[in-house]
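What follows is a set of notes on a single structure, which appears directly below.
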Amino acid sequence: MTSNPKKHIIDAFLREIYGEKSAPDQTAEIRRRLLEKDQTLASDSKLGLGLGTDHLESDSVEPPVPLVSVKSEPVKVTSLNWVGVAAAILVGVGLVGAIIQIAQNRNPLVDQVAKEGGGEKDIAGLAAIEDADVEKKQKDKSGRPPAKGVDRSDLVKTDIGSIETGAKPKQPGRLQEQPGLTEPAKGIQAKRVFPERFAVGVAPTELGSILDQINSSLSENWRVNVIASRVPVEGSLWLERLFDCLLGRAPSDLDIARFSQDWESQEGRRRIVHQLVAYQDYSREFANHWADLFFLSLVSTHRVSLEEMGGSRGQPLRQFLRESFQKEKPWDQMVTELITAKGSMNPESALYKPEAEYIAIHGRNSTQLAAQFSRNFLGAEIQCAQCHDDSLYSLGRKDFFGLEAYLTGVKVSQKTGYAEVTESPIDRKNLGRFYFDEQKVSIYAPPTIAGRETPLDPADPRSDLALAIVQSDQFSMTMVNWVWREIYGYGLSRPGRVKASINAPHRPLLTHLAEQWSASQFDFRTMIEWVVLADAFSAPGAPSSDTLAKDIPKFGGVPFFSYSYDKTKHDVKSAIAKLVKAYQAPAGLTLVGRLQLSPGTSPAEEVDPLNAVDDNVLPIELEVPDFAKGWGVEAAMVAVLDQIALSAKLEFQTKLEHVFMLGLKRKPNGMERSQAQQLLSSAGTVDVESEKQVLQDIWWAIYPR
Amino acid sequence: MEKPSTSANTELDPLLLVDTFQTGIWRYLRAMGCESSLADDLVQDTFVTVLQKPFEHYSDAATASYLRKVALNLFISFKRREGRVVATENIEAISDAWQQWVKDDSGDDLFFTLNQCLEELTERARWALKMRFREKRSRLEIAQSLKITEHGAKNLMQRAKKQLRDCVESKSQPPDEKTTRN
């Protein structure tokens with residue numbers, strides 16, 4: 001009897017999922033074997049010719065192998081083909097060529113060379129013809145000549161370049177490292193020079209060395225500020241904290257049993273962290289949790305309506321991020337894909353591109369998009385500089401318009417209910433932007449990213465933008481700071497002003513971590529391990545009396561991480577995690593924001609009543625004021641509950657669905673619906689207030705404690 | 001024979017071909033019961049064999065199918081050299097199932113679908129599968145760990161795999177149906 005064939009497929013994939021072995025990248029080995037074979041290939045092999053000048057040359061690993069091993073000679077009549085000559089006399093010169101070719105078993109490309117050049121040509125000649133063909137193809141596709149500048153396919157779209165140079169193979173779409181990238185000398189093309197890549201030449205160091213750096217930097221700050229170090233928390237609490245930070249949940253009994261042997265020793269803790277971020281059963285959970293957090297950071301600070309979401313409601317972007325995190329995509333690659341994406345949000349469309357939703361959400365106009373890019377990837381709140389130079393952040397209007405110059409061709413349109421991101425080439429004479437200063441004088445802002453002038457390819461500006469962003473120091477610092485903030489509640493620097501001098505005590509540490517992360521190829525899991533294995537992560541849960549006056553970031557001071565700010569952070573993070581889960585929700589329910597910690601602003605500014613409540617949008621964006629941070633999950637959830645219950649636009653049964661989704665991640669069944677309706681009827685008058693009272697009663701009945 | 005499109009024929013890039021299809025071939029061989037180290041070797045052999053001769057790329061699906069065929073032949077040859085019997089009807093059935101399930105060239109879609117489906121299993125079922133596939137624990141050991149009988153452990157894993165199959169089936173709806181639904 002034959003077993004179910006699909007069982008074999010499931011088993012094979014399960015073995016891979018559970019970490020037995022994944023499909024290896026064997027391109028380099030295949031290439032090496034092909035090179036060996038190629039030296040003996042017949043000259044009529046299409047492969048040999050295809051690889052000869054394009055793909056198999058290598059500067060570092062092996063010498064270039066000329067696949068057409070002899071120089072192409074002009075057609076000559078030799079003693080071997082007298083028959084051909086005789087035939088030529090009879091039927092003409094064209095036929096002679098064919099007969100000679102057959103007689104000599106010639107390579108068709110060699111003949112092409114002879115035809116094009118009419119004389120002797122070598123491999124370089126072949127390459128020149130191929131270059132011309134590539135150029136012709138590009139021209140044919142776009143209807144215009146290829147843009148001047150570097151060949152983008154070398155930078156963004158393929159990893160073949162890495163194979164050519166013998167470098168470590170990279171994933172498709174991965175940016176190549178380009179220290180001081182310059183345009184290869186090609187005719188009259190303008191020279192394009194990108195600023196030097198951040199941390200070029202920095203070698204990645206071992207985990208222990210990085211942890212020493214973090215610990216010594218923090219303890220030095222404690223010493224300077226006379227903050228006594230204290231006994232770290234015990235293992236079980238540490239594990240709880242770790243699960244909360246890395247997976248967004250509490251450890252189960254099974255987890256506790258599994259890790260209880262390891263949690264007391266430093267070495268054991270390293271093993272636990274490694275398992276949570278790298279082992280398949282946890283790593284999927286880890287990836288999804290952090291993808292959701294990053295999703296929220298990408299869509300936050302912007303109240304997204306259903307219309308702006310274009311019918312896709314954030315799902316494509318979230319799915320893209322989850323898959324990117326699960327695939328352990330390096331962050332420079334993931335961010336490049338977000339910045340350069342274009343396509344439709346319609347999953348049925350051939351142009352479907354889930355990552356383009358990030359642009360679709362924020363790309364209503366180029367200034368808004370510039371502000372969002374700067375906020376998310378450069379850690380600089382640059383929008384103020386649209387109207388005035390911002391001396392506090394050392395940002396000028398030139399910075400703003402220099403960044404916006406890359407985005408003027410981006411267009412977000414609506415097609416059949418779904419947003420579509422397109423881009424037209426920049427056709428203005430000056431690639432930068434003009435603006436008026438206070439004296440109404442027109443000022444030219446050249447293309448500028450992270451304070452440095454950078455090249456702009458008018459045919460593909462966003463690829464240049466992405467390259468300059470991910471190669472900048474600000475990108476690496478911003479991302480490290482974001483992760484630190486998600487884990488510790490406060491960043492090493494203030495979000496939105498990562499390079500400014502605020503939080504100066506931590507700047508050397510932030511710079512060091514950013515350099516190391518860049519040197520580690522922007523591997524997210526590596527960075528997470530550094531951050532959670534630092535001693536500060538085991539810090540006690542409450543401040544001591546002497547610490548309280550010196551380490552109180554909630555009142556705007558510099559955080560020294562001498563105790564865990566978890567009453568603030570973990571409660572809100574848990575609330576966020578619950579809300580994100582609720583996001584999967586009843587049809588038509590959309591998450592529009594996130595809970596935000598906003599230290600430094602007054603409660604009056606932070607409490608945002610969320611004015612418009614759309615029928616289909618659950619407005620979860622809550623600014624948690626300082627005085628409310630101790631309220632914890634319950635307070636956050638009640639606030640959300642109020643948003644739902646007090647909405648005048650939602651029907652009672654719809655509100656009930658929201659409440660169930662928040663609490664139980666499912667819709668109410670028929671009996672529950674009818675019981676809720678009875679509760680409402682028994683309340684007497686049916687108005688928004690009584691609905692709120694009933695929903696609150698239900699909430700506390702179903703709330704998972 | 002249908003004439004291949006010009007673009008498909010002229011833009012063959014051998015290393016891109018390798019990059020695109022190697023994962024799918026490797027996974028296909030693994031589904032056929034090939035050991036992982038042997039699958040590594042056979043993937044290399046497949047591409048070296050195919051690319052030594054003039055090769056025309058008609059479409060991704062056709063190329064993937066052709067590469068799988070070559071890989072399978074190499075696998076069968078290897079088994080025969082070892083003196084092992086190869087049950088061809090089973091191989092054909094697995095090939096058909098592969099064709100039906102793995103819509104893309106690499107198997108990544110199925111990989112992620114399966115990951116999603118795993119999330120829908122109970123924690124006990126996931127734990128059992130993990131012990132089976134990662135830790136290579138015996139059925140008895142799994143049963144002891146979960147405090148159930150050996151038969152219970154067998155049933156648990158069978159049900160889990162059945163649930164996974166059903167889940168994958170439901171999620172791998174053919175694109176034709178999706179488009180006609182509109």
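Every chain is numbered from 1, with letters handed out A, B, ... down the list of sequences. From a predicted model like this one, the values you see are computed outputs, not experimental measurements.
Side-chain contact annotation: B/Gln116 with B/Glu120, donor-acceptor N/O pair under 3.5 Å absent. Side-chain contact check for A/Ser252 and A/Asp255: at least one donor-acceptor pair (N or O, by modelled atom type) lies under 3.5 Å.
Top candidate by heavy-atom pairs under 4.5 Å with chain A, chosen from B/Asn115, B/Val18, B/Leu164, is B/Asn115. Ranked by non-hydrogen atom pairs under 4.5 Å with chain A, the options B/Leu114, B/Val48, B/Asp40 are led by B/Asp40.
Summarising the geometry of A/Gln326 relative to A/Asn288, their closest heavy-atom pair is NE2-OD1, 2.7 Å, with the distance given to 0.1 Å.
Contact of B/Gln44 with chain A is made through backbone and side chain together, with heavy-atom distances under 4.5 Å. Heavy atoms of B/Asp96 lying under 4.5 Å from chain A are absent altogether.
The backbone N or O of A/Pro354 sits nowhere less than 3.5 Å from a side-chain atom of A/Gln319 that would complete a donor-acceptor pair.
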